[in-house]
Visitor: 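Just dropping this structure here.
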Number of protein chains: 2
Amino acid sequence: MEAKRATVRDMRRRNRAVLLSRLYHDGPSSRQELTGVTGLSAASVSNLVGEMLEQGLVEEAGAVDSDGGRPRTLLRVRPGYAYVVGVDVGETRVRVELFDLAMTGLAKADHPIESARPAPETVVRHILAGLDAVTAAAGIAPDALLGVGVGVPGVVEQGASAVVHAQTLGWEGVPLEAMLRAGTGASLYFDNGAKTLGRAEMWFGAGRGARHVVVALVGSGVGAAVLTDGVSYRGVSSSASEWGHTTIVYGGRRCRCGAEGCLEAYVGAEAVLDRWRVARRGRVPGPDEESGIAALVAGAERSESAARVLEETAGYLGAGIANLINLFNPERIVLGGWAGLALGDVLLPRIREVAAAHALRHPYGQASIELCRLGPDAVSVGAATLPVAKLLADGGSR
Amino acid sequence: MEAKRATVRDMRRRNRAVLLSRLYHDGPSSRQELTGVTGLSAASVSNLVGEMLEQGLVEEAGAVDSDGGRPRTLLRVRPGYAYVVGVDVGETRVRVELFDLAMTGLAKADHPIESARPAPETVVRHILAGLDAVTAAAGIAPDALLGVGVGVPGVVEQGASAVVHAQTLGWEGVPLEAMLRAGTGASLYFDNGAKTLGRAEMWFGAGRGARHVVVALVGSGVGAAVLTDGVSYRGVSSSASEWGHTTIVYGGRRCRCGAEGCLEAYVGAEAVLDRWRVARRGRVPGPDEESGIAALVAGAERSESAARVLEETAGYLGAGIANLINLFNPERIVLGGWAGLALGDVLLPRIREVAAAHALRHPYGQASIELCRLGPDAVSVGAATLPVAKLLADGGSR
DNA sequence: GCACTTTCGTCACCCGCTGAAATAAGGGAT
DNA sequence: ATCCCTTATTTCAGCGGGTGACGAAAGTGC
């Protein structure tokens, strides 16, 4: 609807973006290949690539000899052209990680969070300290830092300046961008941690090559990221895909959000353990949720209560996934999160069955259901892809 | 991700599209205004508009005098530049309607469908006959017909040639596009009827001016259309937003799709009446579903069973709408469909309450819930907007 | 009728893509 | 070792298209 006008300049930016994205995502190619793939003329490819070579954005990467002609020189994005930082604000620690453009980790700094409801100022201080630490450790000059992506557990309201609402941290309208801006000159990007993890899976994990993916994350909480053509679906205020708080059992268990029958109140780690506690009429083993879930999965063969709770969990999860399939008609559902991986490991076949029973035949037939490949640590990787995505979309202009 | 290269030609097409869309959706403007709104230079606007005037795509529409300077001449899209046809394949009749570009209805032809499971050939014959009838009635030459949009009750698989899966008609993989193509040379467009109705609401009804809208339709069946920036969300095979078959009561009532606990099995007209039948332990008044729902709504004050069924319906519907809000974070939810309008008319305040209780506070605060403005006949209008949208997106090139 | 204001059209200029031709960089045959 | 052939890349003139500057058009007010 509100498309913007185009100028001759936009055209060049766009074409640079096309070339650069192709080089970035699909590895080294020759100019020759690029002409075929992008539809640009050989002359333009040469021209654009020459410019990017000169700027140090792209570098040569050997050559492949062809049968009898001039060998093609391969090109790739130069990993050292710029560096990015990904920040994962978790519930127990703040992780700050530095990457080059190829997403090779160069330095990492973890700051534990003591309080269950940390003050925003504390988190900001941790992030800034981590930023200094990793850039110093890797010897990165400030102007070589392309940007900093931050993944937070909660809703990020994208606007002139990002504002965060994170129930689990007790944050309500925290102007995180403004607070960080006061302490650093770097470009800042913010998104929900589940979505950044989804981005990481999309670029480097189970979502590679697919156009429509929904990443479903199950941990203590439950969330999802809907990714179409590499961009994540955001509603009007970027708080879309709150899968965990969709109603799946009308009038059912009360959820910590206050509503009844939320999916999270059935398949979130806390809820699963609570259901097990009721089923076995007693305490659940293990000091924390992670060991509890591990015990549950391990106990499936011996304990009838464990088996029943797992079966029910597969049911709710399968129905929840079927809802995603019916509503978003994705090509792939990627199940992750620490609890999602632990449960999915044993329940995936059963989840697929239930989802098949609850989803419409046609969309179900289009969708495959898989597990995440990257593990929960990929939140910072995904956060760091935010500035990279911007770079690619802008054709490499800083 | 897979952005296409741009040429200097694309740029012009794009800029024409920007101007044309603006003129189409936001009414007459002067060249002057257009420069401001689109960001194009006055020179370009003049150039582009001149071209479109010459082609008859745009016409002058009077002038407004300014205080002391040359008056601006207003421009608008010329309604008679081309004509479009919208087809509504309903469960009881096929409607074919002819419009000019301004969506003024010029001729209409209805063909009743006798069988509950009509043969595709019959429907195709009706459509082709209707096409001949309306073009003949309005005296439209074949080459003035921009295209034909068809709305069908079911899933449209968009591909090289559209294929329709419509459970309610008993259609399974009907190659509707290929069948129609054999009988007409016009450009053809296909979409689900709920989505075309959503398009109509978006362009001319309750969705005007909003960027993210979800249109929720309740009739015998239940569906939704998700519209972002004027384009409807399609998944990988365009069968997205099957809202009616999302699970809302895990393990609940059996739905005609075979699964348990679908939203449609609670708030679809058939399901509502069935619940009423159980509640009052007896037959429901009226010869058909529409009068049944009308009786239910009318009986709310006298009959306790009716009041209870309505209250429950508001509950399920509110929770279903809350799910849409949580997942899509729209700016507006538009409730329609014949049953949706009848129920919404009395239940809207209650639906809003329930939705507020089930949705997360933040996304709920962003969304307003309203009723459709156009009524169920707008399916053909929405279908007819498909070729118009194409024309606008292509900047007016046929 | 004249000065002033505002809108609209024209023109030279710059940018960027393209096709054709030229050049580079090999392999294989003589 | 040289020449010819093949294939990849670069160069160059040409064309399409947006822009700013300038001037013409079309009013109002005195």
Side-chain angles (χ1 to χ4, degrees), chain A residues 3-20 23 28-55 58-76 394-397, chain B residues 3-20 23 28-55 58-76 394-397:
Chain A
K4 272 302 277 176
R5 66 99 193 256
T7 79
V8 90
R9 234 77 161 254
D10 297 325
M11 194 165 60
R12 191 160 188 92
R13 190 169 34 240
R14 166 100 171 271
N15 286 336
R16 282 179 56 129
V18 170
L19 286 176
L20 208 56
L23 284 177
S29 324
S30 67
R31 295 171 177 78
Q32 180 71 350
E33 274 178 82
L34 289 173
T35 65
V37 170
T38 61
L40 283 162
S41 69
S44 293
V45 171
S46 192
N47 183 342
L48 288 161
V49 163
E51 196 179 74
M52 293 194 284
L53 273 169
E54 199 170 316
Q55 294 171 346
V58 157
E59 66 185 2
E60 299 196 340
V64 288
D65 37 56
S66 62
D67 27 54
R70 173 175 175 174
R72 319 169 228 217
T73 56
L74 293 176
L75 301 161
R76 68 163 163 243
D394 288 349
S397 74
Chain B
K4 271 304 275 175
R5 66 98 192 259
T7 76
V8 90
R9 235 77 164 254
D10 297 326
M11 190 167 64
R12 192 160 186 90
R13 191 167 35 239
R14 167 99 171 272
N15 285 338
R16 283 179 55 130
V18 170
L19 287 177
L20 208 55
L23 284 178
S29 325
S30 68
R31 295 172 176 78
Q32 181 71 349
E33 274 180 82
L34 289 173
T35 65
V37 170
T38 62
L40 283 162
S41 68
S44 294
V45 171
S46 194
N47 183 343
L48 288 162
V49 163
E51 196 178 74
M52 294 195 283
L53 274 170
E54 199 172 315
Q55 295 171 346
V58 157
E59 64 184 4
E60 299 196 340
V64 288
D65 37 53
S66 61
D67 27 53
R70 173 175 174 175
R72 319 171 227 217
T73 55
L74 293 177
L75 301 161
R76 68 161 163 247
D394 288 350
S397 75

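First the proteins, then the strands, lettered A, B, ... as listed; each starts at 1.
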Visitor: Rounded to the nearest Å, what distance is computed from the CG atom of residue Leu34(A) to the P atom of nucleotide dA8(D)?
Guide: 13 Å
Visitor: Rounding to an integer number of Å, can you tell me how far Arg9(B) CZ sits from dC15(C) P?
Guide: 22 Å
Visitor: Listed by chain and number, what are the side chain to side chain contact (heavy atoms under 4.5 Å, CB included) partners of Ser41(A), not counting sequence neighbours?
Guide: Ala43(A), Ser44(A)
Visitor: Can you measure Glu60(A) atom CD to dA25(C) atom P for me and round it to whole angstrom units?
Guide: 11 Å
Visitor: Regarding dA8(D), can its base be found pairing with the side chain of Arg70(A) as donor and acceptor, where the two atoms are less than 3.5 Å apart?
Guide: yes
Visitor: What's the closest nucleotide to the Asn15(B) side chain, out of dC8(C), dT18(C), dG18(D)?
Guide: dG18(D)
Visitor: Within less than 4.0 Å of OP1 or OP2 of dT7(C), is there a side-chain N or O belonging to Arg31(B)?
Guide: no
Visitor: Quick check on DNA chain D: between Leu74(A) and Leu48(B), whose nearest nucleotide comes earlier from the 5' end?
Guide: Leu74(A)
Visitor: Would you mind reading off the distance between Glu33(B) atom CD and dT7(C) atom P, rounded to a whole angstrom?
Guide: 10 Å
Visitor: Specify the angle, to 10°, made by the local axes at the two ends of the helix from dG1(C)-dC30(D) to dT30(C)-dA1(D) when five pairs are taken at each end.
Guide: 10°
Visitor: Not counting sequence neighbours, which residues clear side chain to side chain contact (heavy atoms under 4.5 Å, CB included) with Ser29(B)? List them please.
Guide: Arg22(B), Leu23(B), Glu33(B), Leu34(B)
Visitor: Using a cut-off of less than 4.0 Å, is there contact between a side-chain N or O of Arg5(B) and OP1 or OP2 of dT18(C)?
Guide: yes
Visitor: Using a cut-off of strictly less than 4.0 Å between a heavy atom of the residue and any atom of DNA chain D, enumerate the qualifying residues of residues 40-47 of chain B by number.
Guide: Leu40(B), Ser41(B), Ala43(B), Ser44(B)
Visitor: By the salt bridge (Lys or Arg N to Asp or Glu O under 4.0 Å) test, which pairs, at least two apart or in different chains, include something from residues 37-52 of chain A?
Guide: Arg12(A)-Glu51(A), Arg16(A)-Glu51(A)
Visitor: Indicate yes or no: at least one non-hydrogen side-chain atom of Met52(B) is less than 4.5 angstrom from one of Leu19(B).
Guide: yes
Visitor: Find out whether Glu60(A) and Leu53(A) are in side-chain contact, i.e. whether some heavy atom of one side chain is under 4.5 Å from a heavy atom of the other.
Guide: yes
Visitor: Round to a whole Å and report the spacing from CD of Glu51(B) to P of dC8(C).
Guide: 18 Å
Visitor: What's the closest nucleotide to the Met11(A) side chain, out of dT10(D), dG18(D), dC17(C)?
Guide: dC17(C)
Visitor: For a 4.5 angstrom cut-off between non-hydrogen side-chain atoms, does Arg76(A) reach Val58(A)?
Guide: no
Visitor: Set out, in order, the CA-CA distance, both residues' side-chain angles and the distance that settles side-chain contact (heavy atoms from CB on, under 4.5 Å) for Arg31(B) and Thr73(B), then state yes or no.
Guide: CA-CA 8 Å; Arg31(B) 295 172 176 78; Thr73(B) 55; 2.9 Å; yes
Visitor: So which nucleotide from dC8(C), dG16(C), dC17(C) ends up closest to the side chain of Val8(A)?
Guide: dG16(C)
Visitor: Provide the closest heavy-atom pair for Pro28(A) versus Leu74(A) in the form atom of the first, atom of the second, distance.
Guide: CB-CB, 4.2 Å
Visitor: Send over the distance from Gln32(B) CD to dA26(D) P, rounded to a whole Å.
Guide: 16 Å
Visitor: Taking atom C1' of dT19(D) as reference, at what distance in whole Å does atom CG of Asp10(A) sit?
Guide: 13 Å
Visitor: What's the CZ-P distance between Arg72(B) and dT5(C), to the nearest Å?
Guide: 17 Å
Visitor: Please confirm whether the shortest side-chain N or O distance from Thr73(B) to OP1 or OP2 of dC8(C) is below 4.0 Å.
Guide: yes
Visitor: dC15(C) phosphate, OP1 or OP2: any side-chain N/O from Arg12(A) under 4.0 angstrom?
Guide: no
Visitor: Closest approach to the side chain of Pro71(B), judged atom by atom: which nucleotide of dC17(C), dT7(C), dG27(D) is it?
Guide: dG27(D)
Visitor: Could you check whether any side-chain N or O of Asn15(A) sits under 3.5 Å from a backbone N or O of Arg5(B), counting only pairs where one atom can act as donor and the other as acceptor?
Guide: no
Visitor: May I have all residue pairs that pass salt bridge (Lys or Arg N to Asp or Glu O under 4.0 Å) and include part of residues 36-46 of chain A, sequence neighbours excluded?
Guide: none
